[in-house]
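Below is one structure, written out as C-alpha cells; comments come after it.
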Amino acid sequence: MSRVFSDFSEHSIAVIEHMLASGEIVPAQMPGASLWSPEKKLAAAVLVSALVEIRDHHGDPTHQKTVREDVEWVFSDDGNSPYSFLRLCELFHLDPDYVRGRVRKWLSEPAGRRYRLCSTHRHAA
C-alpha cells in the first residue's frame with residue numbers, strides 16, 4: 001500500500017468518524033475526493049447517504065421506508081454484493097461493529113431529535 005493511500009485512508013476514516021459522532025461534513029473536509037475513482041466516489045456516497053438518512057430521519061414517518069431499508073442494509077451480513085455495507089466498511093477501513101453501534105445509538109435517541117443538516121452556504125466565524 002502506498003504512503004499516499006495510507007494517509008488518505010486515515011483521513012477518510014477521520015471524516016467518517018466525525019460524521020458518525022454527529023458532526024457536520026462540509027465539502028472541504030472530504031478527503032481528496034479528486035483522487036478517488038468514480039467507483040470509490042459512488043461507494044462513499046452510498047455509505048454516507050444511508051448513514052445520514054438513518055441519523056437525521058429515523059422516526060420521521062415520511063422517511064420510514066427509506067430508513068428501514070437503510071437500517072436493514074447496515075445490519076445485513078451480506079458481503080458478496082460490491083456495494084454491501086460490509087464491503088464498503090472494508091473499502092474505507094471501518095469496523096462494521098463500530099458503525100453499527102453508532103446506528104443503534106442514533107435509533108435509541110428520541111425521534112424528535114434532529115441533527116443540523118449541512119447547508120450549502122458558509123456561516124461567518
Angle class for the His57/His63 ring planes (parallel below 30°, perpendicular above 60°, tilted otherwise)?
-> parallel
Between Ser84 and Gly79 the two heavy atoms that sit nearest each other are OG-CA, 3.7 Å
If we only count heavy atoms from C-beta on, is the Val99 to Phe92 side-chain gap below 4.5 Å?
-> no
For the atom pair CG (Asp95) and CZ (Arg100), what is the distance rounded to the nearest 0.5 Å?
-> 9.5 Å
Check Pro82 against Leu88 and note the closest heavy-atom contact, atom names and distance.
-> O-CD2, 4.1 Å
Would you give the length of the straight line joining atom CZ of Phe75 to atom CG of Leu86, rounded to the nearest 0.5 angstrom?
-> 11.5 Å
Taking side chain as C-beta onward, heavy atoms only, is Leu51 less than 4.5 Å from Val74?
-> yes
Verify side-chain contact (heavy atoms from CB on, under 4.5 Å) between Phe85 and Val103, making sure each step is shown before the conclusion.
-> CA-CA 13 Å; Phe85 173 75; Val103 169; over 6 Å; no
Start with the C-alpha gap between Val67 and Asp60, add the side-chain angles, then the distance that decides, and say whether side-chain contact (heavy atoms from CB on, under 4.5 Å) holds.
-> CA-CA 9 Å; Val67 170; Asp60 181 342; over 6 Å; no
Using modelled atom types only, decide if a donor and an acceptor are shared between the side chain of Ser49 and the backbone of Val46 within a distance under 3.5 Å.
-> no
Could you state the interatomic distance from CD1 (Ile54) to OG1 (Thr66), rounded to the nearest 0.5 Å?
-> 10.5 Å
Would you say Leu91 and Tyr83 make side-chain contact, with heavy atoms under 4.5 Å?
-> no
Take atom CD in Glu69; do more than 12 heavy atoms of anything else shown fall under 6.0 Å from it?
-> yes
